[in-house]
Amino acid sequence: MTNRTIIISRIKYFQMEYPDGVPLNILKLDLDLSVDELQQNLLGLENEGRLFIENEEYVKLVESIGEEDANQLDASRELVSAEYRSEEPPIKKAETYDLTEKEISALKIIKNLTDESGHIPRYMMEGSLLYGDLKMNTLGVYNLIMSLENKGIIKKIQIKDNEYYST
């Protein structure tokens, strides 16, 4: 997946929360790109007419879903569907959602860490995402967990005095 495709998908995600425009500092924190690389990609997307930059602080998509994005979403659905077609029960309806590569990778990690009852301690999940193979930053982990919760793939539960996630 190209940087531009990742940037477009993150802007689409954040536009739900920021309908008037996604703050550039939010994108900088979420994406693992240098400031110059992000700026170069955003200017390229602006020149293509796919987004516009407002006051050098906010970005907003101009387009509706294009053919390239539709193909990418279909490929993402196929990948998730194939990934969870094993004999083990799938993480709740994961194949029905448009997942990013990080979400797919995180689901693999979460699946490997859950116990027999389908629970994973919050601290273990967050620690694995922060310091494991993905090496995400804290804001990235928070956004990823919130995204999976909002999609109904994982659910926060309270068992005794500890927070767990249920898959």
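Reckoned from all heavy atoms, side chains included, excluding hydrogens, waters and symmetry mates. Count residues from 1 along the sequence.
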If Ile, Leu, Val, Met, Phe, Trp and Tyr residues are connected whenever their side-chain heavy atoms lie under 4.5 Å apart, and connections chain through other members, are I154 and M124 in the same group?
yes

Taking a hydrophobic cluster as the set of Ile, Leu, Val, Met, Phe, Trp and Tyr residues connected by side-chain heavy atoms closer than 4.5 Å, whether directly or through intermediates, do I159 and L113 fall within one such cluster?
no

Can you tell me how far [atom2] of [Y] sits from [atom1] of [X], rounded to the nearest 0.5 angstrom?
X	Y	atom1	atom2	result
N25	Y58	CG	OH	8.0 Å
N112	I109	CG	CD1	8.0 Å
S128	D133	OG	CG	9.0 Å
F14	I26	CZ	CD1	6.5 Å
L99	S9	CG	OG	11.0 Å
K28	L38	NZ	CG	7.5 Å

Should we say atom CD of Q40 is surrounded by more than 12 heavy atoms from elsewhere, each under 6.0 Å from it?
no

Ignoring hydrogens, what is the shortest heavy-atom contact between [X] and [Y]? Give both atom names and the distance.
X	Y	answer
L134	K102	CD1-O, 4.2 Å
E54	D20	OE1-O, 4.5 Å
K156	Y165	CE-OH, 3.3 Å
S166	I157	CB-CD1, 4.0 Å
Y13	N143	OH-O, 3.5 Å
I11	L51	CD1-CD2, 3.7 Å

Would you call [X] and [Y] a side-chain contact if the rule is heavy atoms closer than 4.5 Å?
X	Y	result
L24	Q39	no
I110	I153	no
E103	T100	yes
E48	R4	yes

Before you tell me yes or no, could you show the steps for R122 and E126 under salt bridge (Lys or Arg N to Asp or Glu O under 4.0 Å), namely the whole-Å CA-CA distance, both residues' side-chain angles and the distance that decides it to 0.1 Å?
CA-CA 6 Å; R122 180 184 59 88; E126 290 175 353; 3.1 Å; yes

Evaluate the side-chain contact (heavy atoms from CB on, under 4.5 Å) criterion for residues I6 and R10: first the C-alpha distance (whole Å), next the side-chain angles of each, then the deciding distance (0.1 Å), finally the verdict.
CA-CA 6 Å; I6 293 169; R10 296 313 295 161; 4.3 Å; yes

Treating N41 as the side-chain partner and I7 as the backbone partner, does any N or O pair qualify as donor plus acceptor under 3.5 Å?
no

Any sub-3.5 Å donor-acceptor pair from K60's side-chain atoms to I53's backbone N or O?
no

Begin with the C-alpha distance, continue with both residues' side-chain angles, and end with the deciding distance and a verdict on side-chain contact (heavy atoms from CB on, under 4.5 Å) for E17 and V22.
CA-CA 8 Å; E17 190 172 337; V22 179; over 6 Å; no

Determine whether L129 and K135 satisfy the following criterion, side-chain contact (heavy atoms from CB on, under 4.5 Å), listing intermediate values before the conclusion.
CA-CA 6 Å; L129 296 173; K135 303 253 189 264; over 6 Å; no

Yes or no on side-chain contact (heavy atoms from CB on, under 4.5 Å) for I120 and Y164, after CA distance, side-chain angles and deciding distance?
CA-CA 5 Å; I120 180 172; Y164 286 78; 5.8 Å; no

